[in-house]
Amino acid sequence: MTATLLVVVAFLMVPVVLTFVGSFASEWSGVVPSGFVTLQNWREVLGLAASIGSQRSMGWDTLFSLGGVTVAVPSELLFSVGLALGGVFINLLVGVPIAYAVARYEFRGDEWVNAISVLPLVPGVILGVAFLRAYPNLSGTSFGLIVGYSLLKAPFMVMAVRSEFESMPLRRLEESARSLGASWPRTFLTVIVPNARSGIVSGAIICWTLAAAEFNFSYIVWAKGTQPLALFLQRHISNSSFTKAAAAVSMFFCIIVAITVLLQQVGSRGFDTRG
Amino acid sequence: MATPGDHPDGTGSRLQASVDALGGLVDAILDPTTERDRERRRIVALCAPFTALLAIAGAYPLAEVFRISVSAEQYRSVGFSLQAYETLVTDPYYRTVAFNSIWLAGGTTLASVGLAIPIAHALEKYDLPGEDVLVTLVSFPISLPGIVAAFMILVLLGNNGLVTNVVAVLTGREPIDLAIAVSAPGLFVAFCYSMIPRATLILRGTYAEVDHAAEEAAQSLGATPWQTFRHVTLPQIRPGITGALILTFRTGLAIFGTLIVIQTVVVWTLQISRELSTGYDIQVAGAMATVYFLFTFAFTALGLRYTDAEVGL
């Protein structure tokens, strides 16, 4: 059993490590990459060095200018971060209440509500086709992408928040707050939700990462303009040299790791100051 | 729709009764008087945002897709025609595509869940050093999209892939002949790369609920580890395994990005994208989307209804 575990971990992780190492090599035509250490691949992917055609790298957008100092960020990165955050925002609005309904109350059809909210309705490709047909003008825009992401990733939010709710003494919390004079909406917003923060934060992290990495839906509906990150990755994997594709993929690894750590930190500190 | 005259009176009054009941429910929600009514109103309010998103982003677009798939004209939803479905049924090409989808998703599901059982067992039952790290490493690929999984397989099994070259050195053959990344087996491995971590996540949840006392009792009564697993642990995790099979199979059918990078086997999702990119045949694409939706809905519903499957994390 342990051997299987170790073999599978190696199968999953060896290519990740090799890709990361390879992204700093100038050549990777043999078995192992060679010509260390160069940052050229990273520079080209991030748009710091000139590149052309389908291997084109990221553009840069000015984030803000302050007293002559201009802070710019790669536009594809910023775009995807924003889209994924928008998706998470909608997920919070729709996911937390329904998770509470399923965890707290018993009502006719609650099994169905539960199943529908935690099972992914359709895969990204199908939803993409549906969006193209139903909202031809809206589907390729940022708003269309955000709405699509939020529907695709909602089950993960509901699951994370629901399991948190299920571990809480909901009825007791609600009744104490009500007996102290709080209205029901107030109880829900100021007692129940803050108490479930760890589940909500982990749900938000999962949804964010999955939305930032979304490819299938984006591929079908995206038409023009700044590309979501996953499409940018695909362009590099299909068109660029192996080392450069490795740099693009490694950059993505870094983002996933960094955001996960960051959101965990914010989640455990930011909310605590209130309670 | 049937007119009232078609029905015997009994049905009509029952219909009337349920309309009244519905009206009563609406009244209760808008102007609750009892605590029970207030609770109902809360449940409706809590479910409303999700329902709105589901209707706007899910149900309406899917209905539109279904509408165009039975339209008599290609780009406008008018009339009724089953032309697109006829194409799907009669053209042997689509049968091959459907067959490809089923065996690829089915095979990788069996392999992934088969591997996930010992992994989850090892993670949950043994006190391994660095267990948290192992859990993180196994879970990491869940957030990788299919295109990245495909790239990982190119790194391992491509022309200058690591495994390819190790095998080439061992057997003395040319790496070019051994590279299987861009082939059906390579695709199979790439699917597993995405699906093993997901199956493991589901089964770890199942294992967390296993009754340890019963296992310890079996052990102390002299059962071997295998006997304990076979007769005590397995019956407890079986619903979880069935649930994992259903969910992983759904994941396998939905994979698309991997196929964009490794285009060797045409499956249902890839074909839908091709219908749109070559000639924008929205009708056939819509029909394929409808068939996909009905198929996954049907087998999930039947799977959950007629097996002891438990779905959840």
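Just so it is clear, the model here is predicted, and its values are computed rather than measured. Every chain is numbered from 1, with letters handed out A, B, ... down the list of sequences. In what follows, every heavy atom counts, from backbone to side chain, and hydrogens, waters and symmetry copies are set aside.
Ranked by heavy-atom pairs shorter than 4.5 Å toward chain B, the options V16(A), L210(A), V102(A), V14(A) are led by V16(A). Most heavy-atom pairs under 4.5 Å with chain B: of the set V129(A), V122(A), L93(A), I237(A), this distinction falls to I237(A). The candidate from I206(A), L12(A), V113(A), V125(A) with the greatest count of non-hydrogen atom pairs under 4.5 Å with chain B is L12(A). Ranked by heavy-atom pairs shorter than 4.5 Å toward chain A, the options H121(B), R38(B), R40(B) are led by H121(B).
In this structure, L137(B) CG and M13(A) CE are separated by 5.0 Å, a value rounded to the nearest 0.5 Å.
Residue A3(A): no heavy atom, backbone or side chain, is found under 4.5 Å from chain B.
Ring pair F151(B)/F242(A) is tilted by interplanar angle, where 30° to 60° counts as tilted.
A 4.5 Å side-chain heavy-atom check between L5(A) and P118(B) finds every atom pair outside the cut-off. For the pair F215(A)/I260(B), a side-chain contact is recorded, criterion being any heavy-atom separation below 4.5 Å from C-beta on. Between F50(B) and S117(A) there is a side-chain heavy-atom pair separated by less than 4.5 Å.
The nearest pair of heavy atoms linking I98(A) to C47(B) is CG1-SG, 4.1 Å. Shortest non-hydrogen contact noted between A230(A) and I147(B) is O-CD1, 3.2 Å.
No close placement of the Y60(B) and F131(A) rings is indicated, their centers lying 6.0 Å or farther apart.
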